[in-house]
Novice: 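Dropping a structure here in structure tokens format, bear with me for questions.
One-based numbering, in listed order, for ligands and for the atoms of each. None of these values were measured; they are calculated from a predicted model.
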Amino acid sequence: MPFTVHGLAVSQGIAIGHVHLVSRALLEVNHYHVAQKYLAEELVRLDEAVATVQGELMGLKAAATSGHTHSEVGAFVDLQLMMLTDPLLIDAARELVESRRCNAEWALVQQMEHLVDQFRQIEDPYLRERQADVVQVVERLVKVLLGHPGHLPPKRRDGLGTIIVAHDLSPADTIGFRDHNIAGFVTDVGGPTSHTAIVARNLKIPAVVGLHHVRDLVEDDELVIVDGSRGLIIVAPDERIVEEYHLRRSELEIERSKLNRLRDAHAATLDGETIHLLANIEGPKDLPAARAANADGIGLYRTEFLFLGRDTLPGEEEQYEAYRAVVKAMPNKPVTIRSFDVGADKALNGSHSRIEPNPALGLRAVRYSLAEPKMFLTQLRALLRASAHGRLQIMIPMLSHAQEIDQSLALVEKAKAELRAEKIKFDEGIRIGGMIEVPAAALSLGMFTRRLSFLSIGTNDLIQYTLAIDRSDEAVVHLYDPLHPAVLKLIAGTIATGARYGLPVAVCGEMAGDPNYTALLLGMGLRNFSMHPGNILEIKQQVLRSNLGELAPRVQRILKMDEPARIREAVDRLCA
Ligand code: PEP
Ligand code: MG
């Protein structure tokens, strides 16, 4: 009998294939005594396993950085490589083998549990994530020690793909499955920002996560359908259901190819208003996708990705080259480059000497930049130099105080003065804008409009801070609601104030790329949407169907509502 299991939709698309259950080697570890005379051999076993896993990870890293996969993935692998040399894990396990005369896999699991316990007590979200990395790396070591033949599934010959079903997958596992005709990923744990989700989206493989005990519900080789758009899987579907899903999959493919025809269409509403659809990028590597979608420019360049996952900071020259490459690739189009937003879940290597009680509320974004003025100045100089090559504008993240704007602007002036003295060219009229991501900012816009040239609403953080929900904590992910009346009021208020003062306003959080919110944002008066390049054509389709004259009064009525169910219903009706 077919049955359906619901989880979280994290990577779109439909996959039909056979289950490959990934075993949980950690549950299979036995404890046994090793006689004194065999202890040296046991330590060699441990060392060899470490070397094997190092080799596996290096191979994965090479694959991850070969240009097909996200740069973040390489950073995840690096982290696990680092753990393999961490004395707290490996040396401590060696000591356990010697002092307790026990087998290597048991010693590793003991030490892993000890470390995980310590992480739990600290309750720091960043360290909590590292806890998963420790578990994943120990799981790899244990698999090698137990002689598991690796967990790569055989390639199938029946035309159907393989659906990987696991308790959890590390990014390294996920990349390792590439080239193995993997059709979909299904996991017990994880949320939309979990590593598996990020990598699956990157590889364009449908995925559903957070299905709790899915491993107990399916059998190896069983037929399943993964509906990555609705966030569900159908186990043991009958012929009729399979047929239906084949049809849906072809329809989705046709939709995609139809969308490609919109590439060169002018994004305007039915009543003739031009809407700017811009791309969010993390570096020059994302430019081909932005150009493929014919983006009207770059609305958010997250420069922190240049700083993450490395031991030394990028210098002025390296930064200048990256910024110039982006500006030159977008001739005559605006390129909004955000100063580095590090801290919280985007920590720099080696910056965790101080345990922060509350990283999301701590030293991140502009706060971090102002605490490290030399580092900030280097970036500002690189940005100014790149501004000589096109329409570059600078954006400061997570502002909440007037003095943060004043101090940032003073540093821009200092960088300009230095460049003038050095006779280095830059755009004298460069525009400086700020992100509205903190409720306090959205409620005190005067101090922003007086000092800045444009605003961009970061809905991801604005929602996090308005609703007091850590966006990286899967335990509260269900409370993350873009349609909460408080959130809508802050967004609408910012757009309206910008219009009143003639200051351009964009939205560059995930809401801008979600077709369910396009009509709502248009009705609020938004004219600049910045999103993942892969979403631009779908949003253009929504724009082409919209009539602002009709939408504006309907949205004004929604903004007066405060009953969530009514708001959701009314927003759904806007798109119908
Ligand atoms: C946001 O907060 O909406 C945003 C665009 O910034 P980031 O997601 O990089 O924090
Ligand atoms: Mg943000």
Novice: F340 vs Y368 aromatic rings, parallel, tilted or perpendicular, using cut-offs 30° and 60°?
Specialist: perpendicular
Novice: R302 heavy atoms, cut-off 4.0 Å: which ligand 1 atoms fall inside?
Specialist: 4 (C), 5 (C), 6 (O), 7 (P), 8 (O), 9 (O)
Novice: By atom name, which N, O or S atom belonging to E437 lies closest to the Mg ion (ligand 2)?
Specialist: OE2
Novice: Mind checking the CG-CD1 spacing from D562 to I567? Nearest 0.5 Å is all I need.
Specialist: 7.0 Å
Novice: Is the contact between N280 and ligand 1 made by the side chain, the backbone, both, or neither, using heavy atoms and a 4.0 Å cut-off?
Specialist: neither
Novice: Have a look at D461 and say which of its N, O or S atoms is nearest the Mg ion (ligand 2).
Specialist: OD2
Novice: Within ligand 1, which atoms have a heavy atom of G458 less than 4.0 Å away?
Specialist: 1 (C), 2 (O), 3 (O)
Novice: Heavy atom of R338 under 4.0 Å from ligand 1?
Specialist: yes
Novice: Does G534 offer a backbone N or O that forms a donor-acceptor pair with the side chain of H532 under 3.5 Å?
Specialist: yes
Novice: Does atom CZ (R566) have a neighbourhood of more than 12 heavy atoms from anything else shown, all under 6.0 Å?
Specialist: no
Novice: For ligand 1, find out whether one of its N or O atoms is nearer than 3.5 Å to an N or O atom of E437.
Specialist: yes
Novice: Output the list of atoms in ligand 1 that are nearer than 4.0 Å to some heavy atom of L300, sorted by atom number.
Specialist: 5 (C)
Novice: Where do Q393 and T336 land on the side chain to side chain donor-acceptor pair (under 3.5 Å) test, with the steps shown first?
Specialist: CA-CA 5 Å; Q393 42 189 31; T336 305; 3.0 Å; yes
Novice: With atoms numbered from 1 as shown, which atoms in ligand 1 lie under 4.0 angstrom from a non-hydrogen atom of C508?
Specialist: 5 (C)
Novice: Give the intermediate values and the outcome of side-chain contact (heavy atoms from CB on, under 4.5 Å) for residues I457 and M511.
Specialist: CA-CA 10 Å; I457 308 173; M511 271 183 97; over 6 Å; no
Novice: How about V571 and R568: do any of their side-chain heavy atoms sit closer than 4.5 Å?
Specialist: no
Novice: Do any nitrogen or oxygen atoms of E510 lie less than 3.5 angstrom from nitrogen or oxygen atoms of ligand 1?
Specialist: no
